[in-house]
Amino acid sequence: MALSRLSSRSTTLLQPLATTSLLRRRHISTDTTPITVETSLPFTSHLISPPSRAVETSSQELLSFFRDMALMRRMEIAADSLYKAKLIRGFCHLYDGQEAVAIGMEAAITKRDAIITSYRDHCTFLGRGGGLFEAFSELMGRTTGCSKGKGGSMHFYKKDASFYGGHGIVGAQVPLGCGLAFAQKYSKEEAVTFTLYGDGAANQGQLFEALNIAALWDLPAVLVCENNHYGMGTAEWRSAKSPAYFKRGDYVPGLKVDGMDALAVKQACKFAKEHALKNGPIILEMDTYRYHGHSMSDPGSTYRTRDEISGVRQVRDPIDRVRKLIIAHDIATEKELKDMEKEVRKEVDAAVAQAKESPIPEPSELFSNIYVKGFGAEVNFISPLETTLSFGADRKELRATLP
Amino acid sequence: MAARIHGGAGAGAATALSTFNPKKLVAPSRTNLPARSSKRCIVAAAGSDASKSLRVGHSQKLIANAAVATKAETSATTGTGHELLLFEALQEGLEEEMDRDPHVCVMGEDVGHYGGSYKVTKGLADKFGDLRVLDTPICENAFTGMGIGAAMTGLRPVIEGMNMGFLLLAFNQISNNCGMLHYTSGGQFTIPVVIRGPGGVGRQLGAEHSQRLESYFQSIPGIQMVACSTPYNAKGLMKAAIRSENPVILFEHVLLYNLKEKIPDEEYICNLEEAEMVRPGEHITILTYSRMRYHVMQAAKTLVNKGYDPEVIDIRSLKPFDLYTIGNSVKKTHRDVPTPYAGTLEEWTVVQPAQIVTAVEQLCQ
């Protein structure tokens with residue numbers, strides 16, 4: 001591969017420089033002057049002309065990509081061990097291998113744009129600004145979790161960052177996402193909604209229903225198919241007659257993107273946002289891959305070979321790709337990147353330790369947040385002295401005049 | 001027909017709620033059960049107002065309306081009211097709420113330009129425009145999901161199912177997203193959506209169009225269910241449902257749309273969890289809702305002639321049950337005949353007044 005040859009050449013060039021720079025300490029470059037990088041693969045498009053392959057980025061951005069993706073990768077690996085240690089129970093769907101999609105998307109949008117995804121949401125949550133501590137607490141069901149421990153792995157939400165979750169039922173988030181886009185259009189917000197779903201969900205009828213409405217009403221919705229080629233244990237060629245998911249919108253334009261290349265994802269999302277604000281929905285297909293199985297109960301090797309998994313890891317890994325870019329552009333040395341990874345690992349371990357100490361929810365939490373107090377009830381069967389009770393034997397009368 | 005006419009919804013839900021309630025039924029500290037039978041119940045928006053984001057814009061409007069706010073004691077049918085049909089009452093309620101709060105929008109099949117298949121949304125599209133009264137294609141799952149997604153951001157959609165039976169297609173969205181999102185997000189999102197539509201046995205509409213889905217929806221946590229039966233409570237419940245921060249399913253009945261009644265001119269709301277005392281009595285409590293209320297009242301006439309004194313309660317709130325009113329009533333009469341609607345596919349006939357009379361007589365042996 002051209003890139004690997006380039007990076008090996010540059011590391012040999014860098015070595016003598018490093019040894020002679022004992023007196024002059026080189027800092028990791030964090031400047032924001034634009035660097036233009038070509039995406040490794042061209043975009044394939046449907047009903048639209050694709051964006052340019054030249055992506056503008058900067059040292060600062062590349063380093064942040066590296067660090068954030070390393071953080072996500074580490075978090076998922078930590079979640080894996082926590083699950084095996086039975087501190088996380090139930091379902092746990094890991095995102096490692098797909099980090100570039102979350103990172104590239106965040107780089108192209110703002111916190112006012114909404115993101116909604118399925119149950120493989122840990123890294124998307126992190127990308128939206130969620131904290132490691134909240135994530136691990138939620139995974140372990142503690143009150144300090146982002147959903148107070150009541151959601152679990154599949155229900156991460158962050159309202160202030162417009163992250164709408166976190167949904168367990170395959171495909172059900174797509175109409176919700178179109179509803180979010182509708183609300184954005186209704187309130188004239190000049191923001192878009194990115195609705196993520198997988199290649200498995202791409203066969204759901206409600207997706208096409210929602211797409212029809214989105215196209216009819218010109219909603220600012222970007223539908224992103226994270227195609228990791230396996231719908232749990234079924235390969236895409238066995239479940240979809242037409243695995244060209246970006247074309248399945250028919251009358252809706254689509255773009256196929258190399259989902260392991262964070263810069264390509266960034267370019268595509270930027271392009272899609274501009275399109276959606278002006279012309280209505282667009283479909284992005286991210287060609288990506290997950291290293292783990294569908295969830296922690298799936299070894300991931302019964303329907304694909306270990307060679308395939310390690311092959312993708314060697315050739316297409318998103319973190320390695322950014323690492324090579326960073327080294328090629330002399331933004332940081334290999335050692336510095338390794339140190340960064342060690343730092344990240346410490347951070348994750350600290351968050352895990354802190355989360356382990358967090359309290360589990362009180363039994364009273366079972367009944368809170370079922371209803372909202374309004375013209376009605378807060379269901380709080382706790383203490384006889386509780387005066388917020390509005391029904392039950394001793395409820396207070398709700399009687400007042402309209403203001 | 002059996003002597004005790006049970007509905008799965010009635011008994012099941014009552015037991016479900018009672019197992020959660022660890023407190024015993026204590027005697028009420030207040031006295032006014034008869035007073036509570038007044039149908040008017042006006043609820044304040046203070047402290048729990050449904051339109052938090054519009055606080056600034058609203059305060060001017062609310063002050064203007066202060067003059068027309070009324071006390072709760074006056075009866076519903078005095079002098080200055082206006083007569084209308086139930087579907088017009090629903091429309092009035094909807095229109096008033098849409099005027100009041102720009103976040104309210106309506107989505108459903110044929111609600112816009114057509115005016116609604118039962119004319120509940122007639123004229124609204126002309127008044128509010130296509131973005132607020134949305135004609136959707138025929139995809140219940142998707143537009144219910146969209147309504148819920150919009151509600152997550154603060155809009156207040158009113159989703160109309162052309163027939164409640166069609167909402168079975170949207171059951172996943174209603175159950176998993178609508179009902180549970182408030183809980184699984186730890187309270188971050190509220191879903192102030194209203195899902196409404198006509199259901200029940202009409203005039204030979206066929207099996208698929210004559211379903212009652214209350215018992216299916218009963219098991220969904222997090223939603224409130226109400227059923228309207230008169231123009232008065234239709235308008236009141238519609239308004240309360242729209243203002244509520246919880247998802248509310250409002251059950252209407254096809255055959256009740258043309259009921260005529262005089263309702264007050266002033267703005268009013270009905271409490272979403274309260275039952276309505278239709279006829280106080282001593283001997284036996286009959287619980288009913290929606291169309292059966294009229295059958296029961298007919299039966300009540302016969303019963304009174306035969307010397308019984310039935311207490312008829314229109315439960316109105318199907319989830320959560322108004323255990324307070326029901327409990328007190330049953331304590332008074334010690335006998336209870338729930339008559340929820342028995343419109344399942346296996347049953348050809350609707351419970352008739354004569355059957356209700358027989359049931360009551362057998363119970364009172």
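Below, read A as the first sequence line, B as the second, and so on, with proteins coming before strands; counting in each chain starts at 1. Computed from a predicted structure; not experimentally measured.
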[X] versus chain B, heavy atoms under 4.5 Å apart: side chain, backbone, both or neither?
| X | value |
| --- | --- |
| L219(A) | side chain |
| L180(A) | both |
| L216(A) | side chain |

Can you tell me how far apart [atom1] ([X]) and [atom2] ([Y]) are? Round to the nearest 0.5 Å.
| X | Y | atom1 | atom2 | value |
| --- | --- | --- | --- | --- |
| N212(A) | C139(B) | CG | SG | 6.5 Å |
| M180(B) | H155(A) | CE | NE2 | 8.5 Å |
| I191(B) | L176(A) | CD1 | CG | 8.0 Å |
| Q188(B) | K148(A) | CD | NZ | 8.5 Å |
| C178(A) | F143(B) | SG | CZ | 14.0 Å |

Inset, instruction - Among residues two or more places apart or on two chains, list those pairs meeting salt bridge (charged side-chain N to carboxylate O under 4.0 Å, His left out) that have a residue in residues 156-181 of chain A. - result: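 Salt bridge (charged side-chain N to carboxylate O under 4.0 Å, His left out) check on residues 156-181 of chain A returns K158(A)-D160(A).
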Legend entry - Segment of L181(B) engaging chain A (4.5 angstrom heavy-atom cut-off):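 Side chain only.
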Inset, instruction - Would you name the heavy atoms of P175(A) and A142(B) that are closest together and state the gap between them? - result: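 That closest heavy-atom pairing would be CB-O, 3.5 Å.
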Legend entry - Criterion side-chain contact (heavy atoms from CB on, under 4.5 Å) against W217(A), the qualifying member of D130(B), T136(B), L131(B):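 The side-chain contact (heavy atoms from CB on, under 4.5 Å) with W217(A) is passed solely by T136(B) among D130(B), T136(B), L131(B).
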Inset, instruction - Kindly check if the number of other-residue, nucleotide or ligand heavy atoms within 6.0 Å of CZ (F171(B)) is above 12? - result: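 It does: F171(B) CZ has more than 12 such atoms within range.
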Inset, instruction - Heavy atoms only, distances under 4.5 angstrom: which of T193(A), L207(A), I169(A), L211(A) has the most pairs with chain B? Name it, please. - result: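 The residue among T193(A), L207(A), I169(A), L211(A) with the greatest pair count is I169(A).
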Inset, instruction - Measure the shortest side-chain to side-chain distance between E209(A) and N141(B) over non-hydrogen atoms and say whether it is less than 4.5 angstrom. - result: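 Yes. Closest side-chain heavy atoms under 4.5 Å.
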Legend entry - Within-4.5 Å side-chain heavy-atom neighbours: Y186(A) and T153(B):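 Y186(A) vs T153(B): side chains apart.
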Inset, instruction - Under 4.5 Å, counting heavy-atom pairs only, tell me which of A241(B), S185(B), G187(B) racks up the most with chain A. - result: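 Highest number of pairs under 4.5 Å: S185(B).
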Legend entry - Best-contacting candidate, G179(B), C105(B), P192(B), A151(B), against chain A by heavy atom pairs under 4.5 angstrom: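 Looking at each option in turn, the highest pair count goes to C105(B).
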